[in-house]
Every structure is written in C-alpha cells, then in structure tokens.
Amino acid sequence: MRIRIVDAFTDRPFAGNPAGVLLLDAFPDDDRLQKVAMEVNHAETAFAHRLPDDGEADWALRWFTPVAEVAMCGHATLATAHVLATTGAHQGPVRFATRSGVLIATPREDGSITLDFPTAPLTEVGVPDGVAEALGAEPRTAFDTGPNVGDLLVELADEKTVRGLTPDHKALAAYSSRGIIATARAEDPSRGYDFVSRCFFPNVGIDEDPVTGSAHTALAPYWSARLGSAELTGLQASPRSGRVRTELRDDRTLLSGRAVTVIEGDLLA
C-alpha cells in the first residue's frame, strides 16, 4: 500500500489537519483498515478505491480515526482529492461514494479544492447540565448538529474565551456522539476570518481536532444566519490552526481550502 500524509486546510506544511491517504484497488476487511488508521494515528485516515466508470460516483471513500470509522470527514476528503489531483490518479471534479452520500470535490485554478457537503441540520437545545464545567466556559446557546456531524455546537462569549479553553475531555464525552464544537464571532474580521472555533472529539479518540471540515457544515449555517452572509471564512484556533472558506447553498455547504503532501512512502506490514 502506498501511503501519504497530507496537511489539509493549509497552504504550508506542519499546519492545518494531517490525514493519512491510501489509494487502494479494493477495501480490505474493516479490522485491517482500523489497524492501519491506528498505526497512522492522525485524526483521520482516508481509504479510497476507484469505482466502475458507469456509476454515480468515481471513487469509494471511507474514513477512520485511530479507534473508529466515522460518517463524515472534511479534511481527509480534501486530502484525498489533493492526492488524486497531484498524482494524476483523477482529473477534474471527483465524486466520492461515502456513508454520507455522494460528496464532490472540485480542484480550482488557484490550487484550492472545494468540497460539496450536506449542510448540517441545527436544532436548538437547552445547554446540558455540566457542559459549562466540562468545557471551562459558559455557553450562550447550544445546538444539536444532526447524525452526520454528531456534535453539540455551543457559542461562547468571545474569541478570547474560545482560544483559552482547557476542557476536561473525559467529561465532554457525555454530551454528544462525537464531541463539542465551541465557537464565537471573530474579534476583528479585518484579520481575514469571520468566526473562530475549536473542536473536541473524545468519543472518537481525538481530544482536539486541528481543523474540522465536517464541523463547518454546522458552523456555516449558524454564522451565516447571524452575520447575514452566505460566504464566510472560519478560523479553527487549534495549536496547528487552519482556515476554511464556507459558502451556504440551501441544503449544501461548500468548504474550500488547500492541502500539502508532507510524507509519502510504502506501508510494508
């Protein structure tokens, strides 16, 4: 197996969110995929293989964290599309068959890639008891993000509060199927972003995800409604950091960013 490590949602190495990418002839058994993802030990490892030419999709795509398969992953999809484009394995827009339906990735002339993902349905819920203590900050609002994303989205008082979070990751595991998205409006939009976020996913083995494409399918409708714009830029303020351009189109969210391949080699085991 040829394996690549790609930093996604960044234009420079050692930033953004790293993902393993393996292009296969077919998927091996699930145990094998999970062991490879555990060995790679990044937030996600993507496995893809080509599909017959006459179908509704071009490639089959699955995503695994070190401990579980997930229903949707933006940064590993971006990383996979980047590998297909830069290696010549696929030219132009690529349609991925996934657990979240057919997802389309389109390379742009400026070197970025745009992902077409389903918009997360947001349902306002009461702030659960104990979330403030586990997170270390008092949420203003809380929203369920639906089955594909599987997070609790909470808005905090300001950007400084989001950046300063030091949550109790074990305690956060009780509040959603994947984890918590904490967000706030940008303190100074002239810096090139409209909102900030951080994502904590203890239930899939990720204390803090560096840059989360899937979370932005919930952040985009949330902030578009509040800021009055369909096109926004989010900054995920993790230690590695990364930016995601979002465009809301009814029940679809476009996520755009760049990617950089940093490691390429052979999986020998």
* Aromatic rings Trp223 and Phe195: how do their planes relate, parallel, tilted or perpendicular, breaks at 30° and 60°? -> parallel
* Asked: Of the non-hydrogen atoms in Val162 and Ser197, which two are nearest, and what is the gap between them?
  ->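 Between these two residues, the closest heavy atoms are CG1-C, 4.1 Å.
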* **Heavy-atom pair of closest approach, residues Gly150 and Thr145** =>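 That closest heavy-atom pairing would be N-OG1, 3.5 Å.
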Kindly work out whether a path of hydrophobic side-chain contacts (I/L/V/M/F/W/Y, heavy atoms less than 4.5 Å apart) joins [X] to [Y].
{"X": "Leu33", "Y": "Ile5", "answer": "yes"}
{"X": "Tyr222", "Y": "Leu227", "answer": "yes"}
{"X": "Val94", "Y": "Val21", "answer": "yes"}
{"X": "Val6", "Y": "Val244", "answer": "yes"}

* Got a second to check how far Ile180's CD1 is from Arg178's CZ, nearest 0.5 Å? -> 11.0 Å
* Can you tell me how far the CE atom of Met1 sits from the CZ atom of Phe47, to the nearest 0.5 Å? ->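 Result: 7.0 Å between the selected atoms.
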Is it true that the side chains of [X] and [Y] contain a donor and an acceptor less than 3.5 Å apart?
{"X": "His216", "Y": "Thr253", "answer": "no"}
{"X": "Asn17", "Y": "Asp7", "answer": "no"}
{"X": "Tyr193", "Y": "Glu187", "answer": "no"}
{"X": "Arg4", "Y": "Thr87", "answer": "no"}

* With a 4.5 Å heavy-atom cut-off, do Thr114 and Leu255 have their side chains touching? ->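 With C-beta onward as the side chain, the pair stays apart.
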* To do: Take Phe117 and Met72, measure what side-chain contact (heavy atoms from CB on, under 4.5 Å) needs, and give me the verdict at the end.
  => CA-CA 9 Å; Phe117 272 40; Met72 180 187 290; 3.6 Å; yes
